[in-house]
Amino acid sequence: MSSQNPMRVAVVGATGFQGGAVARLLAERGHAVRTLTRRPEGDRPPLRGTEFVAGDPAVVRDVRRLFEGVTHAFVTMPLVYEEERIGLYASNIARAAREAGVERVVFNANTRVPQAVTSVPAFETRRLAERLLRESGVPLVVVRPPVYLDNLFSPWNGPALVDEGVLAYPLPASAPTAWLSHRDLAEAAYAALTRAGLEGRVLDIGGAVSLTGEDLAAAFGRGLGRTVRYVPLRPELFERGVAQLLGPETAAGVAGIYHYMAAGGDPLLMAGDDGVSAEVLGVSPAPVEEWVTRQPWQVWSNETEGRPA
């Protein structure tokens with residue numbers, strides 16, 4: 001498989017932040033991109049070079065239309081944590097990909113997945129989707145990211161970071177975490193789609209180094225040019241804030257990851273893999289400080305007029 005040949009890629013989840021980053025990178029590099037969306041035309045994100053196919057992943061004929069003529073697929077599930085729905089989505093995608101003769105499917109699990117089965121829907125629905133895709137026989141590569149730096153460039157974190165030097169996040173300060181940017185996810189996804197010999201691999205992708213809360217604060221301090229301290233946010237407070245934006249069911253699903261990490265039974269789950277995935281994929285994730293310096297943090301300052309609410 002060669003990245004020199006233009007691909008026609010179905011990006012499932014391109015209207016979200018993770019899939020959108022992958023769709024943009026593919027389009028930048030001259031590949032055709034299609035995605036499935038239930039959003040009306042006026043409510044779609046600006047994705048230059050991406051063809052939108054109206055439809056629902058729960059409807060097999062819609063997913064088949066998405067996969068018509070595609071050669072590759074990148075799949076990110078939506079923020080849904082119901083086993084039945086995720087199983088239906090994964091089965092429809094696997095069926096359509098197999099019927100279309102797709103050369104490779106890259107599944108983004110949204111998160112690391114513990115080795116042992118848990119009671120956490122955020123982990124187990126992704127484990128289910130991965131299993132269904134693999135059992136379908138499609139050529140599959142799985143990437144399992146840790147936590148995204150882009151989560152921190154937000155109305156919840158930005159003002160406190162810029163004005164007070166406080167970095168609050170619902171991970172234990174002692175948990176080493178290989179923080180990754182959406183752009184570096186996209187680079188890893190591109191490599192997983194194009195590099196030869198990766199079928200069957202499960203890759204715990206992540207940033208260049210694993211950072212504790214104190215390490216992360218120090219990296220942000222260097223990028224922002226000010227002192228930053230890390231404050232571990234209680235998962236229940238995080239869940240309450242997410243619920244105001246996305247509703248209680250989605251918030252409970254997302255926060256399940258952080259409740260699990262707070263319990264401390266698997267403290268290395270979000271840590272790096274000693275560079276194994278980066279070597280296999282041939283990628284070099286940017287240091288945290290570099291990512292920090294690229295963000296327009298001033299938009300969150302209380303001194304900036306018209307700061308987003």
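Positions are given from 1, in the same order as the sequence printed here.
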| field | Output field: ring centroids Phe153/Trp297 closer than 6.0 Å | value | yes
With no hydrogens and no angle check, is any side-chain donor or acceptor of [X] less than 3.5 Å from a backbone partner on [Y]?
X: Asn92; Y: Pro57; result: yes
X: Arg112; Y: Ala271; result: yes
X: Asn108; Y: Asn110; result: yes
X: Ser136; Y: Leu133; result: yes
X: Thr37; Y: Ala54; result: no
X: His31; Y: Met7; result: yes
X: Gln18; Y: Thr76; result: no

| task | Apply side chain to side chain donor-acceptor pair (under 3.5 Å) to the pair Thr35 and Glu51, showing each step before the final yes or no. | result | CA-CA 6 Å; Thr35 193; Glu51 175 191 355; over 6 Å; no
Between [Y] and [X], is the closest basic N to carboxylate O distance under 4.0 Å?
X: Glu187; Y: Arg29; answer: yes
X: Glu135; Y: Arg95; answer: no
X: Arg34; Y: Glu68; answer: no
X: Arg240; Y: Glu236; answer: no
X: Arg24; Y: Glu28; answer: no

| request: Sequence neighbours left out, what passes side chain to side chain contact (heavy atoms under 4.5 Å, CB included) with Asp62? Give chain and number order. | output: Leu36, Asp56, Val59, Arg65
| message | Among residues at least two apart in sequence or on other chains, which ones pass side chain to side chain contact (heavy atoms under 4.5 Å, CB included) with Ala129? | response | Met77, Ile86, Ala90, Phe107
| How about Val9 and Val70: do any of their side-chain heavy atoms sit closer than 4.5 Å? | no
| request: Please determine, by modelled atom types, if Glu82 and Thr125 share a side-chain donor-acceptor pair under 3.5 angstrom. | output: no
For a quick test of your reading: what N or O donor-acceptor pairs under 3.5 Å do the side chains of residues 166-177 make, sequence neighbours left out?
unit_1 : atom_1 : unit_2 : atom_2 : d
Tyr169 : OH     : Asn151 : ND2    : 3.0
Tyr169 : OH     : Tyr258 : OH     : 2.6
Thr177 : OG1    : Ala175 : O      : 3.1

| Any residue meeting ring pair (Phe, Tyr, Trp, His ring centres under 6.0 Å) with Tyr148, in chain and number order, not counting sequence neighbours | His182
| remark: Using a 4.5 Å side-chain heavy-atom cut-off and chaining through intermediate ILVMFWY residues, the residues clustered with Phe52 come out as Leu47
| task | Apply salt bridge (Lys or Arg N to Asp or Glu O under 4.0 Å) to Arg126 and list each qualifying residue two or more places apart in sequence or on a separate chain. | result | none
Answer yes or no: does atom [atom1] of [X] have more than 12 heavy-atom neighbours from other residues, nucleotides or ligands under 6.0 Å?
X: Glu290; atom1: CD; answer: yes
X: Glu99; atom1: CD; answer: yes
X: Arg229; atom1: CZ; answer: no

| request: Calculate, to the nearest 0.5 Å, the distance between atoms CD and CG belonging to Gln295 and Leu149 respectively. | output: 8.5 Å
| note | To the nearest 0.5 Å, atom NE2 of His72 lies from atom CG of Asn5 at 9.0 Å
| Where do Ala191 and Leu198 come nearest, in terms of heavy atoms and distance? | O-CD1, 3.8 Å
